[in-house]
Amino acid sequence: MTPRLERRAFLAAAAVVTVLPWTSARATPASMAAAIKEVTGDASVREGRVILDLPPLIENGNTVPLTVSVESPMTVTDHIKAIHVFNEKNPQPHVFDATLGPRNGKAVIGTRIKLGDSQKIIAIAETSTGEFWSASADVIVTLAACIEDLT
Amino acid sequence: MRRVRIGLGLASIFAASFAAAQSGDSSRHSGYQDMGPALQKMQDDDSANPGMLFVQAGEALWNQRTGAANKACADCHRAAAATMKGVAVRYPAIPPGTAKPVDLEGRINLCRTANQKAEPLAGESRELLALTAYLARQSRGLPIAPPDDPRLGPFREQGAELYKRRQGQLNLACATCHDANAGKKLAGVTIPQAHPDGYPVYRLEWQSLGSLKRRLRNCLVGIRAEAYAYDAPEYVLLELYLMDRAKGMKLEAPGVRP
Amino acid sequence: MVNVLINVPKTAKRGDVVEIKALILHPMETGFRPGTNGRIIPRNIVERFSATWNGTEIFRMTMTPAIAANPFVSFFAVANESGTIGFRWSGDEGFLAEESVTITVA
């Protein structure tokens, strides 16, 4: 094979192995906004106090480690009572809702999520005093190569 | 991309990678090093590595009596931590009294049939993966050490030949990607050097643990080649070659890969 | 085969904030993916995860199909007394798994 042909075959391989893990039915930014509103009602959501930690470049959207840390004394009178995570483009805007309280000592939780595509992720923390704080992250998802034949 | 000529070109590549394998060349590196810190951390932390779920299941199977002989692996082999340490790093190997190499999965199934008098476990079944992961875990951190059984030589060479042979509709050889283009990007993914040091691995794409065989099948499908049947000898030949090429690298099973 | 891995320190000083990690084998089938026959594979996920300390709930999480297969959750808890930390996962198709570990608080 000539170098050029070989390069072409190699690029063709690249094309063949690119498959999107999710099909149709995507959450749109509008449905994400609606899902957030369901949680926060008319309260305002401020940016800050929340750190949303995700790898900036995601090697496989099937399993994306995510940590949410919220600054809070976690006392009976002043604590984080819930953490919600939303995404823009998965089929459903909700990722998870966690309920916590003073027994946790620290408002830090970790899990792993699925992301079908590059998009924005938002974490919202609800305090025991009724405030909402948030952080967001833009992530880039690369797609796996050489996956299995789906047929 | 560099041009790879069949014939002389192949022989020299073969010689080069073979020499690298034997001298423990530092330019060899694990697929682990091609991953970002988040996935490396997932592999390193036993309480977060999903492959450990299979290791735990494997431990239970190790102690469970089964088959017509009603024997557990542990009845004969006692504590795996002592008796199975250093075993996974030398497979594929030729079991005593036979003439053909088997991989670790194949060796486990020999004990299933000959010693437990039970049905062999299906390839890629949860049980077989669990036992394989449990045994491989006993060798974590040990250098890959292919046996220097001279009978293995011809099989290893056949494996090397398969590795260099162009195949599939895209007419690519394993070597085209994993030797000539390792470290480059393919559809956004870094092409690894194809070392078997993490297997069985928890591959995020599979959302499960899987064997080296399954990984090789994925590459064959990727180049639009007909994947060999699950029980075809070609896999063991390729595994023999890959283990030899990775000689001296540390086993890190169960690994995590994207 | 229910397969769960829990990581909690065996001992802690009273008042320590300890990290708790829980991993469970589960496909987390989204209900959005077509199977090999082209038909959608029915949703099969863990929907609820909770943890208790000597019977009192200390953490809860509602999951969706966007949680990765073999769900992993980590969180913290104040070690206030020795006892049992219980874990419970429930979800589609009647899925229910329970596990507990003990911790000594001095």
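First the proteins, then the strands, lettered A, B, ... as listed; each starts at 1. This is a predicted model, so every value here is computed, not measured.
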C/E99 side chain reached by C/R88 side chain, heavy atoms, under 4.5 Å:
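They are not in contact (no side-chain heavy atoms under 4.5 Å apart), so the answer is no.
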
Report yes if the side chains of C/V78 and A/N104 come closer than 4.5 Å at any heavy-atom pair, otherwise no.
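Not touching, per the 4.5 Å side-chain cut-off.
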
Pick out which of C/L5, C/N3, C/V4 makes a side chain to side chain contact (heavy atoms under 4.5 Å, CB included) with C/L25.
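Of all the options given, the one that passes is C/N3.
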
Considering only NZ, NE, NH1 and NH2 on the basic side and carboxylate oxygens on the acidic side, decide whether A/D42 and A/K37 come within less than 4.0 Å.
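So A/D42 pairs with A/K37 through a salt bridge.
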
Less than 4.0 angstrom from a charged side-chain N to a carboxylate O is my criterion; do A/K120 and A/E88 meet it?
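Salt bridge between A/K120 and A/E88, a charged N being under 4.0 Å from a carboxylate O: no.
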
Using non-hydrogen atoms and a 4.5 Å limit, figure out which bit of A/P102 sits close to chain C: side chain, backbone, both or neither.
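Just its backbone gets close to chain C.
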
In terms of heavy-atom proximity below 4.5 Å to chain A, should [X] be classed as side chain, backbone, both, or neither?
X	result
C/A69	backbone
C/L23	side chain
C/V17	side chain

When you measure from the side chain of [X] to the backbone N and O of [Y], does any donor-acceptor pair fall under 3.5 Å?
X	Y	answer
C/D16	C/V18	no
C/T64	A/H94	yes
C/T62	A/F96	no

Using only non-hydrogen atoms and a strict under-4.5 angstrom cutoff, which residues of residues 48-58 of chain C touch chain A?
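The residues closer than 4.5 Å to chain A, in numerical order, are C/W53, C/I58.
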
Quick one: which of A/L66, A/T111, A/L100, A/T99 has the most heavy-atom pairs under 4.5 Å with chain C, could you say?
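Of A/L66, A/T111, A/L100, A/T99, A/T99 has the most heavy-atom pairs under 4.5 Å with chain C.
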
Between C/G38, C/G15, C/S74, who has the most heavy-atom pairs with chain A when the cutoff is under 4.5 Å?
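Heavy-atom pair counts peak at C/S74.
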
Between A/R103 and C/N80, is the side chain to side chain donor-acceptor pair (under 3.5 Å) condition met? List the steps.
CA-CA 9 Å; A/R103 275 304 305 275; C/N80 60 356; 3.2 Å; yes

